[in-house]
Number of protein chains: 2
Amino acid sequence: MSDTPKDDVSEDTAADRFLQQFTGYRIKRALLVVHEDMTETLVPLGLRVGTFAPLAVVAANPGISQTKLSDVLKIKRSGVVAVVDELERIGAIERKPVAGDRRTNALFMTTAGGRLWQQAEAAIQAHEDRLFTDLTDEDNDQIRDLLSRVILRAERAKE
Amino acid sequence: MSDTPKDDVSEDTAADRFLQQFTGYRIKRALLVVHEDMTETLVPLGLRVGTFAPLAVVAANPGISQTKLSDVLKIKRSGVVAVVDELERIGAIERKPVAGDRRTNALFMTTAGGRLWQQAEAAIQAHEDRLFTDLTDEDNDQIRDLLSRVILRAERAKE
DNA sequence: TATTGTTATACTCTATAACTATA
DNA sequence: TATAGTTATAGAGTATAACAATA
């Protein structure tokens with residue numbers, strides 16, 4: 001059996017084999033790696049993994065409402081409040097009233113937020129280039145395409 | 001600009017485009033989809049996403065120690081305690097003393113745990129077949145290979 | 001009545017640090 | 001001194017439910 005104490009090699013192989021078996025678990029481990037490196041990338045900019053995506057969406061969709069942001073990012077409206085609070089507190093975005101509907105907040109980048117977003121986007125691009133350096137451009141396109149198909153199919157199936 | 005209220009189409013496209021841009025964010029969204037479907041799959045068996053992987057590792061590595069399990073799954077030893085407690089409480093695995101070292105626990109499946117694992121493995125296999133049904137076998141191999149390369153490279157870089 | 005944003009609350013996951021018993 | 005397991009605790013992340021203001 002395995003009474004011999006040559007643990008390192010045999011156990012690493014067992015771990016790798018386990019990693020091989022389930023795609024879902026592999027996705028989890030990949031996210032772990034991405035999350036850690038992404039955190040190191042964003043902290044110097046005063047951002048977190050959880051504020052990067054909302055900032056990206058506001059940058060690309062000026063005037064978007066909190067509910068719409070909630071839909072796009074698939075987080076609850078109560079979670080959006082906390083994230084928008086934080087981004088507003090660091091001066092990256094601001095809530096503005098909407099002319100026709102006094103319930104709604106329209107979210108806009110500030111000037112400082114625009115600069116921050118430029119830095120963050122470049123930093124995350126570099127982070128992904130670094131992390132996925134072993135993959136060819138075709139590999140990268142493929143992985144994006146495959147994941148997107150899984151996500152979009154599943155999310156549409158829920159509606 | 002975007003004063004026209006034809007939100008649905010244009011906003012969905014914006015969301016999709018955002019989803020396209022960053023591989024890391026796509027991995028997160030994919031995990032969200034996987035996690036949700038996996039939970040529905042495991043709950044009827046009395047398992048959770050967080051107990052499935054440890055069960056799989058113990059099934060494949062009878063007698064593994066908690067510290068080794070911690071290494072393989074990349075979770076802290078304190079986290080292992082809770083998970084092993086839970087799996088032991090539902091009668092799936094058991095801690096056994098190790099002859100040469102009274103500090104260490106050896107983890108083994110119970111007979112009931114073996115049956116549970118058989119069911120769980122089949123259920124998760126079906127869940128992945130269902131979730132990744134749009135992908136060809138080659139696509140599946142590719143996605144596994146690409147993710148594994150990213151993970152193994154990053155994890156080895158940390159050592 | 002329905003929707004937007006908000007608050008309060010709780011639950012999961014994970015991490016740190018300190019402790020114990022062994023080695 | 002170092003290691004295996006444990007406990008206590010705290011921080012993210014996310015979910016639900018109830019509420020006020022507005023539609």
Side-chain angles (χ1 to χ4, degrees), chain A residues 5 7 11 25 27-29 31-36 38-40 42-43 47-54 58 63-89 93-107 158, chain B residues 5 7 24-25 27-29 31-36 38-40 42-43 47-54 58 63-89 93-107 158:
Chain A
D7 275 353
E11 298 285 345
Y25 184 74
I27 292 173
K28 184 194 174 173
R29 285 290 279 274
L31 185 62
L32 206 66
V33 158
V34 167
H35 196 280
E36 184 171 348
M38 200 171 165
T39 298
E40 290 169 15
L42 291 174
V43 161
L47 289 170
R48 299 177 302 106
V49 173
T51 48
F52 175 78
V58 173
I64 191 173
S65 73
Q66 293 185 198
T67 295
K68 206 74 194 171
L69 190 56
S70 157
D71 288 344
V72 170
L73 294 178
K74 306 288 179 197
I75 56 182
K76 298 296 170 210
R77 282 176 304 149
S78 55
V80 170
V81 173
V83 164
V84 168
D85 281 350
E86 179 174 346
L87 285 171
E88 201 168 41
R89 184 167 40 75
I93 69 174
E94 50 188 348
R95 292 170 163 102
K96 288 189 178 175
V98 170
D101 187 341
R102 281 189 299 172
R103 294 172 305 180
T104 305
N105 292 333
L107 305 177
K158 292 208 312 176
Chain B
D7 274 352
Y25 184 73
I27 291 172
K28 185 193 173 172
R29 285 291 280 272
L31 184 63
L32 207 67
V33 159
V34 168
H35 197 282
E36 184 170 348
M38 201 172 163
T39 298
E40 290 170 15
L42 291 174
V43 161
L47 290 170
R48 299 177 303 104
V49 174
T51 48
F52 175 78
V58 173
I64 191 172
S65 73
Q66 293 185 197
T67 296
K68 207 73 195 173
L69 189 56
S70 157
D71 288 344
V72 170
L73 294 178
K74 305 287 180 199
I75 55 182
K76 297 298 171 209
R77 283 176 303 149
S78 55
V80 170
V81 173
V83 164
V84 169
D85 281 350
E86 179 173 347
L87 286 170
E88 202 169 40
R89 185 166 41 71
I93 69 174
E94 50 188 349
R95 293 168 162 102
K96 288 188 177 174
V98 170
D101 188 341
R102 281 189 299 173
R103 294 172 305 179
T104 305
N105 293 333
L107 305 176
K158 291 212 309 178

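Within every chain, numbering begins at 1; the chains are lettered A, B, ... in the order of the sequence lines, protein sequences first and strands thereafter. All of these numbers come straight from a predicted model, not from anything done at the bench.
A straight line from NZ of B:Lys76 to P of C:dA17 spans 11 Å, rounded to a whole angstrom. For B:Leu32 and C:dC13, the CG to P distance is 14 Å, given to the nearest whole Å. In this structure, the CG atom of B:Leu73 is 14 Å from the C1' atom of C:dC13, given to the nearest Å. The interatomic distance linking A:Ile64 (CD1) with C:dG5 (C1') rounds to 15 Å, in whole Å. Rounded to whole Å, atom P of C:dC13 lies 15 Å from atom CD of B:Glu36. When the P atom of C:dT4 is taken as reference, atom NZ of A:Lys68 falls 9 Å away, rounded to whole Å. Across the protein-nucleic acid pair, A:Met38 atom CE and D:dA12 atom P stand 16 Å apart, rounded to whole Å. When the C1' atom of C:dT6 is taken as reference, atom CD of A:Glu88 falls 14 Å away, rounded to whole Å.
Below the 3.5 angstrom threshold, one finds no donor paired with an acceptor across the side chain of A:Ser65 and the base of C:dT4. For B:Arg103 and D:dT3, a side-chain-to-base donor-acceptor distance below 3.5 Å is present, hydrogens and geometry of angles not being considered. Side-chain N/O atoms of A:Thr67 and base N/O atoms of C:dT3 include no donor-acceptor pair closer than 3.5 Å.
Within the 3.5 Å criterion, the main-chain N or O of A:Ile75 finds a donor-acceptor partner in the side chain of A:Ser70.
Residue A:Arg95 has a polar side-chain atom (N or O) positioned under 4.0 Å from OP1 or OP2 of C:dT6. B:Lys28 has a side-chain polar atom (N or O) that falls below the 4.0 Å cut-off from OP1 or OP2 of D:dT14. Distances shorter than 4.0 Å separate none of the side-chain N or O atoms of B:Arg77 from OP1 or OP2 on D:dT7.
Of the candidate nucleotides C:dG5, D:dG5, D:dG13, C:dG5 has the atom nearest to the side chain of A:Asn105.
If you find the closest nucleotide of DNA chain D to A:Ser78 and to B:Gln66, the one lying nearer the 5' end belongs to B:Gln66. Mapping B:Ile75 and A:Gly79 onto DNA chain C via the closest heavy atom, the residue that lands nearer the 5' end is A:Gly79.
In this structure the side chain of B:Asn105 never reaches within 4.5 angstrom of the side chain of B:Val98, judged on heavy atoms.
Here A:His35 contributes atom NE2 and B:Leu31 contributes atom CG; the two are 11.0 Å apart, rounded to the nearest 0.5 Å. Within the model, atoms CG of A:Asp71 and CD1 of A:Ile64 stand 8.5 Å from one another, a figure rounded to the nearest 0.5 Å.
Nucleic acid contact class of B:Arg102 (heavy atoms, under 4.0 Å, all strands): sugar-phosphate only.
Looking at A:Asp85 and A:Arg95, a side-chain N of the basic residue comes within less than 4.0 Å of a carboxylate O on the acidic one, giving a salt bridge.
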